[in-house]
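Worksheet for the structure shown next.
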Amino acid sequence: MDIQTRLKEAITSATGSLFDQPVENVALQPTKKEFKGLYTFVTFPLTKTTRKPPVEIGQAIGNYLKENTAFVSDFNVVQGFLNISIDDGVWVDSLNGILSDADFGRLPAKGQTVMVEFSSPNTNKPLHLGHLRNNFLGDSITRILKAGGYDVVKTCLVNDRGIHICKSMLAYEEFGNGETPESTGMKGDHLIGKYYVWFDRAYKQQIEELVEEGMSEEEAEKKAPLLLKVQEMLRKWEQGDPDTVALWKKLNQWVYDGFNETYHRIGVSFDRTYYESETYLLGKDIIEEGLEKGVFFRKEDGSVWIDLTDDGLDQKLVLRSDGTSVYITQDLGTTDLKFRDFAIERSIWVVGNEQNYHFEVLFAILRRLGRPYAEGLYHLSYGMVDLPSGKMKSREGTVVDADDLMEEMRETAEARTRELGKIDDFAGEEARHLYHTLAMGALKYFLLKVDPKKRMLFNPQESIDFQGHTGPFIQYTHARICSVLRKAEQMGLEVRPSLKPVELSEIEQQIVFLLSQYPQRIAEAAADFAPSYLAQFAFELAKAYNQFYGELSILSESNPDRQLFRVALSGAVAETICKAMELLGIEVPTKM
RNA sequence: GGACUCGUAGCUCAAUUGGAUAGAGCAUCUGACUACGGAUCAGAAGGUUUGGGGUUCGAAUCCCUACGAGUCCGCCA
């Protein structure tokens, strides 16, 4: 049993025997730096029931703990705060325990399977910075859930059809001149993105012309020849016209080839990919079901609605008057499909917060339809990524392209590394891999360290910073520890879980304390779907280690037991940094 | 018009979910011994947590209000 649990139980029995009112769910917090101790118990809440002043309660519990347990070495009370110090021997034992558990941090299996849908791109343009936040979050949360004891199914729903896809197709037909990714040397997704932009530009120009001829803007938007053409193309696609379908397949394949390259680069993969072209007709049977159950109602024009005003929402259309489905109809069908395809208990969508309302409605409908899985649905809603210049707008060309950005990061990593000249012995391939590792570490960490729910600012200058609260800082700490461990090995010092009790300095206690918190952090991150907790944890750990490294000698420590402890502590920190960063999808080098 | 989210050091973010004198990084300034990796460390400075009111032992956190920023409310996806 870990220290924290033992301490909580001891406090429960202390309050039980002292005040006859055992506190069941003891809440402990880490002691603030300026006070002595590592765990703090707040006694204010007990003043009412015990009718004693907070300081007296703290003193009483402190004394009880010191006398009745073997692991509380000291305590102090400041106002209503009982600060507890733990015996050094317990910390050494704790480190022994951590070292002997190869799976340290991995929580017991929950026997529950969770599906996570993320990435879900449109096949009409390349990925941008916003997609990267989505992909990194989705990828990281699946890793965290796995570490948290869940089985996970990663899925991606590709938006591969619809009017917006036809826009690039039409532009390609009109202006493409038979270009291909090979003939232009462009990545397929970028090539198609170019045509999407072309369409938009030409369409706007047509509107302008029509307006000049005296048409209202609203009408011009609907009557522009290009729009009529693209609508015609969508009709043909839906009717299965062979030429249209062939063009669609060819262009989409180019995009997929481009996406796969990017996915490979960012280290993201899926267990199952759904294509909207295969799922967009789903959900209509659910409309029938809902009408029969009285959950939906039909209006005079034939359209079908649901009234969600009781849930604080609006009336919502679920089927058009012409009998075709809308976005939410598809999602109803697709959600059913997911639960048919996989034996899952929960399903999570990683989707931006502009769709909060959509998901509220979706979940409310499924609850009313009585779906047994309805309580297990969750929208992992994340905030938008802003630029110093303001919002990213694809229409206005102010988006940051994912591939361009990664290339810049790679160049920065290479330049910085060469400047420092620490890896001159690396072979070409090895060096290239390191640049990639550092670039992705910087980028992923930058996007994951912020609470997913909050909108964030992407400052290009800060993102290529490799110092301070950054991925490369943590990677550096790991590489530095590895260097120490290599030397330790040469000296015949091994990291082994058979450490003898030694007196510890504060920073050493602090580090073991942090390490011992790791499993709990994973549990919290999994519960809140928050990779940022682990990003924060890895940083705290790296920072503490660097402080330790600066204050104390490791290899030149004269006391052999202490020397061995410090080597082992270093080993455990390196291992835990590596694991925590892995949960963010970030690799850590052994040399950099 | 209606619903929701957010506002913390010059900048970017934390704050264990209501706990102590609100913490980190960047930027600025000062310092680090022939020592295990200086992409590091130690220190200084920086705050009326947007303003105002309330709830209580205790509020950045909960409630009300004003101001400011954003998102959604399509027979679009």
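When reading the values below, keep in mind they use all heavy atoms of this one structure, side chains included, and skip hydrogens, waters and symmetry mates. Throughout, protein chains are lettered first and strands after them, A, B, ... in sequence-line order, and every chain is numbered starting at 1.
Set against B:C72, B:A77, B:C13, the side chain of A:Y357 has B:C72 as its closest nucleotide. Listed nucleotides: B:U40, B:A24, B:C13. Nearest to the side chain of A:M456: B:C13. Of the candidate nucleotides B:A14, B:A35, B:U40, B:U40 has the atom nearest to the side chain of A:R480. Nearest nucleotide to the side chain of A:D314, out of B:C73, B:G70, B:A14: B:C73. The side chain of A:L420 has B:A39 as its nearest neighbour among B:U40, B:A39, B:C75. Which of B:U12, B:A20, B:A77 sits closest to the side chain of A:T40 comes down to B:A20. The A:I554 side chain lies nearest to B:C36 when the options are B:A77, B:U17, B:C36. The side chain of A:M384 lies closest to B:U71 when the candidates are B:U71, B:A77, B:A14. In this structure, the nucleotide among B:A22, B:G7, B:C75 sitting nearest to the side chain of A:K454 is B:G7.
Under a 3.5 Å cut-off, the side chain of A:D311 and the backbone N or O of A:L313 do not form any donor-acceptor pair. In this structure, A:T47 contributes its side chain and A:P54 its backbone to no donor-acceptor pair below 3.5 Å. Panel note: side chain A:H379, backbone A:V351; a donor-acceptor pair is recorded below 3.5 Å.
The number of heavy-atom neighbours closer than 6.0 Å to CD of A:E34, taken from other residues, nucleotides and ligands shown, is above 12.
At least one cation-pi condition fails for A:R133 and A:Y382: the charged atom is not both under 6.0 angstrom from the six-membered ring centre and inside a 45 degree cone around its axis.
A donor-acceptor contact under 3.5 Å is not formed by the side chain of A:S532 with the base of B:A14. Checked by distance alone, A:N356 brings no side-chain donor or acceptor within 3.5 Å of a matching partner on the base of B:A3. Residue A:Y445 places no side-chain atom within donor-acceptor reach of the base of B:U12, judged by atom type and a 3.5 Å distance cut-off alone.
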- Item | Residues A:N124, A:S168; criterion side chain to side chain donor-acceptor pair (under 3.5 Å); working and verdict | CA-CA 6 Å; A:N124 63 344; A:S168 343; 4.9 Å; no
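Across all strands shown, B:U28 is found opposite B:A44 as a Watson-Crick or G-U wobble partner, with both distances under 3.5 Å. Across every strand in view, B:C57 sits in a pair with B:G19 that passes the Watson-Crick or G-U test at under 3.5 angstrom. Figure legend. B:U71 is base-paired to B:A3; pairs are counted as Watson-Crick or G-U wobble with both atom distances under 3.5 Å.
Straight-line distance from the NZ atom of A:K316 to the C1' atom of B:G2: 15 Å, rounded to whole Å.
B:A24 has no base stacking with the ring of A:F539 when judged by centroids under 5.5 angstrom apart and an interplanar angle below 30°. You cannot call A:F81 stacked on the base of B:G19; the centres under 5.5 Å and planes under 30° rule is not satisfied.
Nearer the 5' end of RNA chain B, as judged by each residue's closest nucleotide, is the contact made by A:Q517, out of A:Q517 and A:Q79.
Anti is the classification of B:U61, since its glycosidic angle lies more than 90° from 0.
Spacing of P atoms, B:A66 relative to B:A3, comes out at 13 Å, to the nearest Å. Taking the C1' atoms as reference points, B:U5 lies 15 Å from B:U61, given to the whole Å.
For B:G7, the OP1/OP2 oxygens have no side-chain nitrogen or oxygen of A:R455 closer than 4.0 Å. Between A:R486 and B:C36 there is no side-chain N or O to OP1 or OP2 distance below 4.0 Å.
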